[in-house]
Amino acid sequence: LTYDHVRVLNENGFNAFVLHNKKGFKPEWLGSRLEGVPVIYLEDDKLDIKLEDFFFIPEGYPQLMENLQAQGAPCKKIVFCQNWYYVLNALPAGTLWNNYGIHDCMSVSHMQSSYLKAIMPFLRIKNVVGSIDNTVFTPPEKMEYKKPIVAFKASRDGIKGYNVIKTFYSVFPQFRWIQF
């Protein structure tokens, strides 16, 4: 999602890039979505942060928030919150984003925004709800071939997952045609 946002910003005339700590870091799982997205590495590049710049920080990196504050980065700092789970889990106890001078956030869901507002009422939140990239999916040749499939990660030995499936089929026998 971060790479997609940077791509769109650049396509619309902004000078946006993804910042990584270590040179050569490439999230292989992104595949071709990495192509054409500018990346800067802290190891090799010096950042020239200006007052008019915006710095988007992932929600799980309070050390980056702290470093930007300690360096007196003059730009606007905005948290890009993609997963509510990392908001408080990554922060030191009793610390919130305003402790780092951050009062703005982009959130990827309305439910997540409600959570953020409950724990950090000072936040100015902008919802940037993404969408599924439908180019990675292909419809079946005939719609009658289309069948619902439930996918989930089973436990290590798979027995718990197998029991969930058996329980589902027992409780809802009319849905035994659904694949897991």
Side-chain angles (χ1 to χ4, degrees), residues 1-138 151 153:
L1 193 56
T2 300
Y3 288 84
D4 293 329
H5 282 276
V6 169
R7 179 182 292 106
V8 169
L9 285 168
N10 279 292
E11 288 171 356
N12 287 282
F14 292 91
N15 182 25
F17 55 86
V18 175
L19 178 67
H20 290 295
N21 282 329
K22 297 189 184 296
K23 183 120 179 118
F25 174 77
K26 278 187 158 186
E28 298 299 328
W29 49 270
L30 281 173
S32 64
R33 292 170 67 187
L34 282 170
E35 292 174 21
V37 176
V39 176
I40 290 181
Y41 300 98
L42 279 178
E43 282 185 342
D44 295 339
D45 298 304
K46 298 227 182 243
L47 291 179
D48 181 24
I49 301 173
K50 298 175 187 72
L51 180 62
E52 64 271 12
D53 290 337
F54 292 88
F55 206 103
F56 291 92
I57 307 161
E59 72 283 343
Y61 290 90
Q63 69 277 18
L64 180 56
M65 298 173 194
E66 185 176 14
N67 288 345
L68 287 169
Q69 184 183 38
Q71 293 173 20
C75 66
K76 183 162 188 90
K77 294 169 273 308
I78 302 169
V79 173
F80 182 34
C81 190
Q82 298 178 78
N83 190 334
W84 68 272
Y85 177 80
Y86 298 109
V87 172
L88 292 178
N89 287 330
L91 288 169
T95 304
L96 298 174
W97 294 338
N98 62 339
N99 296 111
Y100 304 115
I102 298 171
H103 300 278
D104 295 283
C105 175
M106 287 176 49
S107 174
V108 297
S109 80
H110 297 290
M111 287 300 292
Q112 180 172 267
S113 295
S114 296
Y115 168 75
L116 290 166
K117 205 58 159 163
I119 62 170
M120 296 187 219
F122 59 85
L123 274 180
R124 292 180 294 256
I125 302 170
K126 174 71 177 165
N127 285 307
V128 183
V129 180
S131 63
I132 296 172
D133 180 3
N134 61 4
T135 62
V136 298
F137 299 98
T138 55
K153 186 176 187 299

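Note that the numbering runs from 1 along the sequence shown for the chain.
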Sub-3.5 Å donor-acceptor pair from the side chain of N10 to the main-chain atoms of R7, do we have one?
-> no

Ignoring hydrogens and geometry, is there a side-chain-to-backbone donor-acceptor pair from K126 to R124 under 3.5 Å?
-> no

Distance-only donor-acceptor hits, side chain of residues 51-66, under 3.5 Å, sequence neighbours excluded:
unit_1: D53; atom_1: OD2; unit_2: K50; atom_2: N; d: 2.8
unit_1: E59; atom_1: OE1; unit_2: Q82; atom_2: N; d: 2.9

Count the heavy atoms of every other residue, nucleotide or ligand shown that sit under 6.0 Å from OH of Y86, and state whether that count exceeds 12.
-> no

For S109, what residues pass the side chain to side chain contact (heavy atoms under 4.5 Å, CB included) criterion, not counting sequence neighbours?
-> M111, Q112

Starting from the C-alpha separation in whole Å, work towards a yes-or-no answer on side-chain contact (heavy atoms from CB on, under 4.5 Å) for M120 and N98.
-> CA-CA 8 Å; M120 296 187 219; N98 62 339; over 6 Å; no

Looking only at heavy atoms, which two atoms of [X] and [Y] are closest? And how far apart?
{"X": "C81", "Y": "V87", "result": "SG-CG2, 3.6 Å"}
{"X": "S113", "Y": "I125", "result": "OG-CG2, 3.5 Å"}
{"X": "F122", "Y": "I102", "result": "CE1-O, 3.6 Å"}

Contacts of K76 meeting salt bridge (Lys or Arg N to Asp or Glu O under 4.0 Å) (sequence neighbours excluded), chain-then-number -> D104

Give the C-alpha distance, both sets of side-chain angles, the deciding distance and a yes or no for side-chain contact (heavy atoms from CB on, under 4.5 Å) between L116 and W97.
-> CA-CA 11 Å; L116 290 166; W97 294 338; 3.8 Å; yes

Begin from the C-alpha positions of N83 and V108 and carry the test side-chain contact (heavy atoms from CB on, under 4.5 Å) through to its verdict.
-> CA-CA 8 Å; N83 190 334; V108 297; over 6 Å; no

Measuring from S114:OG to I119:CD1, what's the distance to the nearest 0.5 Å?
-> 11.5 Å

